[in-house]
Amino acid sequence: MIQVNKDFLKNENYIKTVIEKAKKEMAKKQRRYNRYTRSEKKKDIDIAIEYYATTIATGYFGGIAPEMTIKQETNKKKISILKKLFNKLVGQNADKEEFQILIDYIREYNDDPTVFYNLVKDYFITGSCYALQYENNDNKMIYAEVKATNTVALYDYSTPIQKVGIMRIWTEQDETGKDIEMINIITDTEKLYYKNDIKQPKEYKLDIDMTEDVDWLLVPAFAIENPDGLCIFSVVESLIDALETIISNNKETFEQNADAKLIAIGYSPENEMFIEDEEGNTIINPLRIKEDNAVLQAKMLYVSGDKDNRGDFKWLLKELNDTASENHKKTLIEFIFMIMCVPNLTDTGFTNAENSSALEKKFFSLEQLIIQTEKLFKKEYLAMFENFVDRINTKYSTNFDFSEINITFKRNLPTNKQEVVNMWKSLRGIVSDETVIENLPFDIDTETELAKIKEQSDENIMKFQTQSKVGDENVGRDTKETDKLPKGLQEKTEIND
C-alpha cells in the first residue's frame, strides 16, 4: 500500500519517490502474473497449481455477478428518528422502481458480469484489481477494468486511511518514434500526466498541457488491494516448488533407467572399447559398437566362469523408493490445498457428495477466504455507485440515495434445482413472491413473471365473478324455459319430458 501526501503530487521531486515505490509493487504483481501463466519457464516440470487455484476461486466467487437491489426504509419510527436527529429523509427521496431501472441500465451497458469476473480474477492472481470510472460523450457512466500489473492505488496518512488517487505507468512512442514512459495520476479533482525519456531515467516532467481538471465526489477509480499484500498462492509457492522438484527428480530417474547400462560379469568382448584414429585422437571403436549391439540382440548369451565366479548380466539402475515418493507428494498436495483454502476437486469427497449441502461443505475453507474478498468488493462497488449517483443527481436534479443500494454476492456452485425449488416454495407466505422468484435457479425475469401472475389472477377473478353472476340470475327461475321456444320445439320438448 502506497501512502502519499496529495498536496505534493504536482511536485516533480516528490513524485520520483512515489513512482519508485509504485514500480516495485508493479514488479511484484508482474512476477505473480508470470507465475500464474508460467510464461517464464525455468523448469522442465510445471505443476500449475496457481492456475488451478485461481480458476476455482474466480469461478466460485466471480462466476455470478452481484445482485443490486433498491431497498427503502419502511419503518416509520426509524424514519422519524433519523429525520429528527440528522435531518435526513430515509427512503423518501426517490422512486424505488425508477432508481432500480437506472442501476440496472448502468450495469447492463457496462457488461457488469464480465467486468466483475475479470476484476475477481486479477485480484486472486496479483492481490489487486482496478477499474477506471468516467462519463463518456454520450453521458453514460462507464467503468472499465485496467491491468493490475501497471496500476497502483494511492492512499493518504489519515486514520482510517482513504484512497486519494490511482497511478498507472506504461510505455508509448512519441511522434519521433522514441520510447516515452507515461505516468498518469487520477484524483477526485484532476488528472496529472508525467513523462520520462526511457534513456534518461528518473527525469519525470509534469506535462501541463495534458493535465486536466475533473469533478467527482470520490476518486473515480475502483481499486482493491489485499490488506496483507498477498495473492491466493503467495503462501504456498515454496510448497509448489518442492512438489515440482520431487516430480522432476522422479522423471529424471525414469529417464536414466530407460537408458540404463548393461553390466556384463565374466564376459570378455573381442574388440576394445577405445581406439585411435589416423590423426591420433581417441574414439569409440565401431567394431565394439557392433559387437555390443549383437550381444543385446542375441537370443542366447554364454558367459564363462567357474563355480565360485559365475558370469552374469544385469542392468545398472537408479533405485527409486516409490512408496516414500508418493507419500511425500501426497503430503505436499494436502498442505498446498489446505493452506490456500481451495478444495481439491480430485478428492473422493466430491464424487461422494450426494446433495448440494454436502458439496457446500467441501467449499467451506474457500468460503472463509472469500469473506474478506466479498467485503472489499462490496465497499468498492458502493463507492463506485456513490460517485455515479452523485453525478446523476447533480446533472439531472434527482434525489437518488446510494445508501439504498443493497449488494448481494452469490456463489457459483452446482446445485440440485429440485431441492432449491422445494425450499423456496416452502417459504411462500413467509417471504414475498418476488423474493421466491428471484431465488429460483432459473433465468426468469421477476417483473415479467409477477405481471403475468397478476394478469392471470385478474382473469380468474373475472371468470369467477361472471360465473357467479350467471348463477345468481338462474336462482328462482322456472326450471322449464320452453315457453320461450317456438311452438313446434315446445311440443317436442314436452313429449321428451
Side-chain angles (χ1 to χ4, degrees), residues 64-113 115-116 131 133-144 188 215-218 220 222 377-410 424 427-440 442-459 461:
I64 301 177
E67 182 180 282
M68 300 180 69
T69 56
I70 308 302
K71 290 191 176 182
Q72 294 182 314
E73 185 60 58
T74 58
N75 187 320
K76 293 182 179 180
K77 184 175 181 180
K78 182 177 180 180
I79 292 173
S80 176
I81 293 174
L82 290 175
K83 181 181 179 180
K84 178 181 178 181
L85 296 177
F86 304 106
N87 194 27
K88 181 177 177 62
L89 292 175
V90 179
Q92 300 179 20
N93 295 327
D95 180 75
K96 175 183 175 182
E97 184 177 358
E98 187 181 43
F99 197 7
Q100 184 70 62
I101 291 172
L102 173 65
I103 296 300
D104 292 342
Y105 179 64
I106 293 175
R107 298 182 68 202
E108 183 178 346
Y109 63 67
N110 278 287
D111 191 10
D112 186 68
V115 174
F116 176 63
Q133 301 168 228
Y134 59 94
E135 184 177 0
N136 67 9
N137 295 331
D138 297 327
N139 296 321
K140 290 183 177 180
M141 304 299 166
I142 306 297
Y143 52 100
D188 57 337
D215 184 19
W216 289 90
L217 177 66
L218 304 172
F222 182 106
F377 269 84
K378 186 173 184 177
K379 179 182 177 182
E380 283 300 298
Y381 255 97
L382 283 174
M384 179 168 66
F385 277 89
E386 181 180 1
N387 248 351
F388 289 151
V389 169
D390 177 76
R391 201 168 186 86
I392 291 170
N393 286 341
T394 301
K395 292 187 66 174
Y396 303 106
S397 300
T398 52
N399 292 307
F400 298 121
D401 186 352
F402 87 97
S403 63
E404 294 173 357
I405 300 175
N406 183 65
I407 304 178
T408 304
F409 293 88
K410 296 186 177 182
W424 282 101
L427 293 174
R428 291 192 65 187
I430 301 175
V431 299
S432 67
D433 289 343
E434 181 179 359
T435 302
V436 172
I437 295 174
E438 286 177 348
N439 286 277
L440 293 179
F442 308 107
D443 187 13
I444 298 176
D445 185 274
T446 306
E447 292 184 4
T448 302
E449 291 305 315
L450 288 173
K452 288 181 179 178
I453 291 173
K454 184 178 184 303
E455 183 181 348
Q456 182 177 296
S457 298
D458 292 343
E459 289 179 358
I461 291 172

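In this chain, numbering begins with 1 at the start of the sequence shown.
- Of all heavy-atom pairs between Met68 and Asp104, the closest is O-OD1, 4.2 Å.
- Between the Gln100 side chain and the Lys71 main chain, no donor and acceptor come within less than 3.5 Å of each other.
- Atom CD1 of Ile407 and atom NZ of Lys379 lie 13.0 Å apart (nearest 0.5 Å).
- Within the 4.5 Å cutoff, the side chain of Ile405 has heavy atoms near those of the Ile70 side chain.
- Here the CG atom belonging to Asp215 is positioned 8.5 Å from the CG atom belonging to Asp390, to the nearest 0.5 angstrom.
- Atoms CZ and CD1, from Phe116 and Ile64 in turn, are 9.5 Å apart once rounded to the nearest 0.5 Å.
- Closest non-hydrogen pair, Val115 versus Asn110, comes out as CG2-O, 3.4 Å.
- For the atom pair Gln133 CD and Met384 CE, the distance stands at 6.0 Å (nearest 0.5 Å).
- Looking at Leu217 and Asn393, their side chains never come closer than 4.5 Å, going by heavy atoms from C-beta outward.
- Within the 4.5 Å cutoff, no side-chain heavy atoms of Phe385 are placed close to those of Phe400.
- By the 4.5 Å heavy-atom criterion applied to side chains, Asn139 and Tyr396 are counted as neighbours.
- Not a single donor-acceptor pair under 3.5 Å links the side chain of Arg391 to the backbone N or O of Tyr134.
- Note that CD1 of Ile430 and CZ of Arg428 are 12.0 Å apart. Values are rounded to the nearest 0.5 Å.
- Using the six-membered ring where Trp is involved, Phe222 and Phe377 have ring planes that are tilted, between 30° and 60° apart.
- Looking at heavy atoms from C-beta onward, Ile392 lies in side-chain contact with Met141 at the 4.5 angstrom threshold.
- Counting only heavy atoms from C-beta outward, the side chains of Thr408 and Thr69 never approach each other to under 4.5 Å.
- Of the possible donor and acceptor atoms, one in the side chain of Asp401 sits under 3.5 Å from a partner among the backbone N and O of Ser403.
- Between Ala65 and Pro113, the shortest heavy-atom contact is CB-CA, 3.7 Å.
- Classification of the Phe388-Tyr143 ring pair by plane angle, with boundaries at 30° and 60°, yields tilted.
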Apply the test side-chain contact (heavy atoms from CB on, under 4.5 Å) to residues Phe402 and Asn387: give CA-CA distance (whole Å), side-chain angles for both, the deciding distance (0.1 Å), then the verdict.
CA-CA 9 Å; Phe402 87 97; Asn387 248 351; over 6 Å; no
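- Considering all non-hydrogen atoms of both residues, Pro66 and Asp112 come closest at CD-OD2, 4.0 Å.
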